[in-house]
Amino acid sequence: MVTIIHFPMLSRSALCARRCRSFHPAIRELSKRKASTTTTDSHENVDVVIVGGGPAGLALASALGSSPAIKDNLTVALIEAGDLTKIQEWSASPGDFSNRVSSLTNASQDFLKRTGAWNSVDQRRTCGVEEMQVWDGVSDARIEFNSTDLGAESSFNGMSRMTENLNLQRGLLRHLADMPQVQLLQKTKVQSITRDSDDKQSWPLVHLDNGRVLRSRLLVGADGFNSPVRSFAGISSYGWSYDTQAIVATLEHHPRGAFEGPNTTAYQRFLPTGPIAFLPFSSTASSLVWSTRPHIAKALLSCEPAALSTMINAAFRLPAFSLKYLYDRILEAHAAGTPITPAQLQEEIQFREKAHSIDPLSTHSSLIRHSGPVGIASPDAHLVPPLVTGLQPGTAASFPLRFNHADVYIGEGKGSRTVLVGDAAHTVHPLAGQGLNMGLSDVECLTRCIEKAILHGGDVGSYTALLPYAQERYLANHILMAAVDKLHKLYTTELEPVVWARSVGLEVLNELDSVKAAIMMQAGANAQQHGSPGWNAAASVIQNASAAVETVSAVVPALSRTIIGGIGNLLAQVNQTKRQV
Amino acid sequence: MYSTSRRALTRFAAQICQRRGLHAGATGATVNDAEISHFSRLSSEWWDEGGEFSFLHRMNPVRVRFIQEKLAEIARDEAPDGGETIEPGSVLQGLDVLDVGCGGGLLSESLARLGARTVGIDASGANIAIASLHASADPSFRLQSSTLPPTAQQSAPGRNSLTYLHTTTDALLDSTSEAPTLSIPRQFDVVTALEVIEHVDNPTHFLDTCCSLVKPGGHLFLSTMARTPLAYALTILFAEHISGKVSKGTHTYSKYINPEELIDFFKNYPSAESNPAQKWISPEATSYLPRHQAELKGLIYNPLQGGWFLAPRNSMAGAQCNYIFWIRKPKVSDTI
């Protein structure tokens with residue numbers, strides 16, 4: 001049956017076409033594959049198919065479309081189920097801000113500037129963060145970060161820039177509008193993803209609900225936490241839900257007084273229920289991210305907006321145990337079906353403040369005053385955010401928080417030619433404001449890998465071409481995520497020895513300029529410096545602090561020596577980090 | 001299910017090759033039957049980037065870069081305007097390139113993507129079949145293959161020209177052969193034989209045929225392993241016997257070639273019959289390689305990064321194991 005199959009001489013190759021059917025199984029497969037692809041449908045070949053039109057997916061499309069090496073060599077398509085035109089046409093009056101915001105680090109901004117997308121982001125709607133106040137809600141230990149710690153050039157830009165996600169997405173879409181070579185397939189759902197053959201080196205076929213089938217050299221999952229691309233690639237992930245909801249809202253407040261600085265300070269207070277953050281946008285508007293227990297979040301959101309804004313003021317100011325009392329009152333009222341009124345809440349707060357001897361006119365009073373700050377501000381006015389006077393209508397919302405990290409970023413075997421970026425690869429607690437920055441770093445790195453592969457004739461869908469991406473990003477993301485997770489766990493406890501350890505920890509941090517500088521390096525890093533030595537140092541400090549806490553928690557009954565040991569360990573490690581920095 | 005059946009069929013094909021003793025060894029002076037059947041047996045593994053050939057996959061971008069940079073360097077030297085516009089990324093555009101011993105086509109595909117009109121040849125039919133199969137999945141290639149059935153001809157051929165032929169260098173040079181169906185040039189701007197020479201029987205004759213396939217002024221790239229204890233330890237003892245990453249019998253220590261041997265060969269190799277006095281490397285260059293004639297660099301694997309990098313020839317352990325070699329065929333005008 002098998003005929004002579006060998007043609008060593010070129011001259012005989014003419015025979016081959018006739019006989020190859022019986023020549024080699026690979027060739028038989030070849031005929032089969034070609035035959036099947038012609039019968040199934042007329043799929044389109046697209047080099048890079050991005051699933052997901054969130055900030056990470058759009059940033060990737062715009063980066064690929066603006067790279068000279070890539071745009072001449074690869075075709076790019078982005079698929080988004082939602083209506084991108086709506087986002088592109090989104091407009092809000094200058095004082096109103098959307099409730100989903102991100103703090104873009106200088107590295108992220110540099111990347112967006114290099115691709116040219118930053119010019120399309122409305123700068124007037126962003127706000128440079130020049131200072132950060134971070135403190136412990138139980139011990140009141142406090143760290144201050146100032147952008148001057150970053151050095152002259154960076155301090156001009158601030159530590160990071162508060163940007164509405166919609167503003168960023170709109171900017172990316174405007175940037176993409178000038179790139180006809182990047183196909184935007186909006187209001188289009190991915191129905192299924194299959195493979196074009198059973199072969200190990202198969203190419204993914206993306207079936208769209210409009211009947212089109214895209215055969216992709218590289219399939220990028222920028223499709224969020226429930227990533228269909230990740231399931232197609234057979235990549236598992238590990239993680240958990242925090243027992244926490246994040247409440248977001250746009251806050252209105254009086255402008256800072258004449259003798260205070262501008263509203264460019266971000267505030268974060270670590271409460272036992274989770275951190276509450278105040279992120280500046282304009283002189284009279286700021287953004288809230290308040291992580292708290294789901295039942296508290298539910299009760300708070302069912303109150304009148306005025307009650308919620310009163311609670312926000314209290315959450316930045318009242319001692320933790322008084323807050324707990326207030327939560328109980330709110331929960332009781334909620335359970336009784338009669339949500340607490342702003343007047344009742346004011347009365348409760350007034351009572352608690354009296355008990356704590358807080359002067360109703362001082363910075364630390366949460367009671368609403370009807371005029372803005374007048375005259376010379378008290379010297380501690382910068383320690384807390386301005387008093388919130390109200391919420392912008394329709395901006396209060398909440399979403400669950402989780403930790404999730406894909407086991408790998410690159411699909412192999414049956415999921416080959418796939419790669420994950422952004423939330424599809426990792427979901428992180430928002431307390432460090434790193435989620436979107438991590439996604440943009442992924443996109444920056446992936447673009448660089450693709451450029452490099454093209455420069456040396458590589459196949460951009462191949463494992464070899466993508467490997468540097470995973471090598472660079474996996475560990476960096478993992479370190480950051482672990483640090484953020486530990487930080488969350490460290491601060492959501494009221495266990496006294498832990499609080500004590502923690503306050504010592506934070507104050508130690510505050511004294512050590514070099515450690516602070518390491519934490520700041522992430523904020524100030526420009527995109528040319530890959531990796532994040534600053535975060536590594538910061539992460540090791542946090543990890544050690546939490547190790548100390550774990551030690552403490554384990555031996556609370558017989559504790560004192562162990563605590564001292566734990567703290568000693570912490571201090572030793574901090575010093576070590578200082579030397580390394 | 002399919003892949004196992006394919007592997008079985010591949011083995012079957014290899015067995016046939018062995019049984020019939022049909023391989024090019026019968027006609028070519030250089031190819032080795034045992035080597036061919038060894039690689040035929042492994043042919044289905046060529047594109048498994050985590051498997052048998054993972055080291056080669058990782059090495060590929062590094063050797064492509066060496067080729068690009070060397071070509072760009074020479075092109076700049078010769079450009080009347082100083083060649084400031086010459087970029088390594090586009091230097092292969094439009095060149096005729098022959099990849100000898102192309103295997104599964106790792107290098108051939110890269111060269112074709114960079115715009116070279118690439119011809120990949122291999123003495124193993126199974127390799128050519130696998131290379132053709134793999135390239136046929138990629139719409140960017142305008143693929144021709146001596147083993148491609150008419151049904152597999154691409155309906156909308158891509159822009160990168162790639163041709164696979166199941167043949168040998170000897171056969172390509174055989175002027176008595178009939179006109180080939182797939183038209184390819186007689187001589188090439190660039191000939192590459194990477195990780196090949198250690199698998200042939202008569203390296204001198206093999207080099208001879210490679211040299212003849214290079215146009216005057218063209219380039220020849222070779223890479224192989226030095227016959228040193230280090231190379232034995234890494235490529236045979238460790239790779240084949242300890243880690244088992246590479247199949248036993250892939251390498252034969254006695255066939256490794258030392259860099260000095262390669263250099264000596266070209267110091268004695270005349271540029272043309274008409275001018276036997278001129279050699280490819282000036283024999284006067286005793287302690288160095290003239291930059292415009294030849295270059296040799298070590299290829300070193302960094303197990304921590306899982307990647308390869310190039311090292312200068314004289315650095316510590318530089319060319320003691322894997323190395324890559326570039327040499328240029330003297331131009332016709334030089335010989336006058």
Side-chain angles (χ1 to χ4, degrees), chain A residues 2 4-21 23-35 37-38 42 44-45 47 69 73-74 196-203 215 217 412-413 416 452-459 461-465 467-468 471, chain B residues 1-3 6 9-10 12-13 16-17 20 22-24 26-28 47-50 57-58 60-61 64-65 68 88-89 109-114 123 125-126 129-130 132-134 136-139 146-152 155 165-168 171-172 174 177-178 180-182 305-306:
Chain A
V2 176
I4 300 267
I5 54 168
H6 184 83
F7 307 99
M9 305 289 284
L10 183 64
S11 54
R12 297 194 196 161
S13 62
L15 298 172
C16 189
R18 221 175 336 126
R19 298 196 182 178
C20 54
R21 219 172 265 276
F23 171 71
H24 191 276
I27 295 305
R28 251 174 266 154
E29 165 58 19
L30 197 60
S31 337
K32 210 166 69 191
R33 174 189 287 179
K34 289 290 164 182
T37 47
T38 46
S42 49
E44 302 154 60
N45 282 302
D47 288 310
N73 285 289
L74 300 181
D196 72 339
S197 77
D198 293 334
D199 190 11
K200 259 188 195 168
Q201 287 90 34
S202 61
W203 290 40
R215 180 170 178 269
R217 182 186 295 277
E412 278 185 272
S416 55
K452 205 171 166 200
I454 286 177
L455 186 62
H456 301 308
D459 177 351
S462 68
Y463 187 79
T464 307
L467 188 62
Q471 283 179 332
Chain B
M1 202 186 80
Y2 157 73
S3 67
R6 183 169 85 172
L9 287 165
T10 309
F12 177 58
I16 292 167
C17 297
R20 305 206 175 195
L22 281 169
H23 258 292
T27 50
W47 288 98
D48 181 359
E49 292 174 72
H57 278 277
R58 305 280 174 83
N60 202 39
V64 171
R65 193 168 154 196
Q68 289 177 298
E109 286 198 6
S110 292
L111 297 172
R113 263 190 212 103
L114 290 165
I130 290 296
S132 306
L133 174 65
H134 189 268
S136 71
D138 190 329
S146 62
T147 58
L148 203 66
T151 50
S155 49
L165 297 175
H166 174 204
T167 185
T168 64
L172 280 187
D174 186 352
S177 65
E178 298 163 34
T181 43
L182 304 174
Q305 290 180 331

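Lettering follows sequence order; numbering is per chain, from 1.
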When rounded to the nearest 0.5 Å, the distance separating CG of B/Leu114 from CD1 of A/Ile454 is 10.0 Å
Roughly how far apart are A/Thr464 OG1 and B/His57 NE2, rounded to 0.5 Å? 6.0 Å
Do A/Ser416 and B/Trp47 have side chains that get closer than 4.5 Å, going by heavy atoms? no
Please name the pair of heavy atoms, one in A/Leu455 and one in B/Gly89, separated by the smallest distance, quoted to 0.1 Å. CD1-CA, 3.7 Å
If one checks every heavy atom of B/Asp48 against chain A at 4.5 Å, the contacting part turns out to be both
Nearest non-hydrogen partners of A/Trp203 and B/Pro139, listed with the distance: CH2-CD, 3.6 Å
pair A/His456-B/Asn60: side-chain heavy atoms closer than 4.5 Å: no
Is there side-chain contact between A/Asp459 and B/Arg113, with heavy atoms separated by less than 4.5 Å? yes
Verify, without hydrogens or angle tests, whether B/Glu109 (side chain) and A/Gly457 (backbone) share a donor-acceptor contact under 3.5 angstrom. no
Do you know which of A/Gln471, A/Lys452, A/Arg217 has the most heavy-atom pairs with chain B at a distance under 4.5 angstrom? A/Arg217
Beyond-backbone contact of B/Glu49 with A/Ser462, side-chain heavy atoms, under 4.5 angstrom: yes
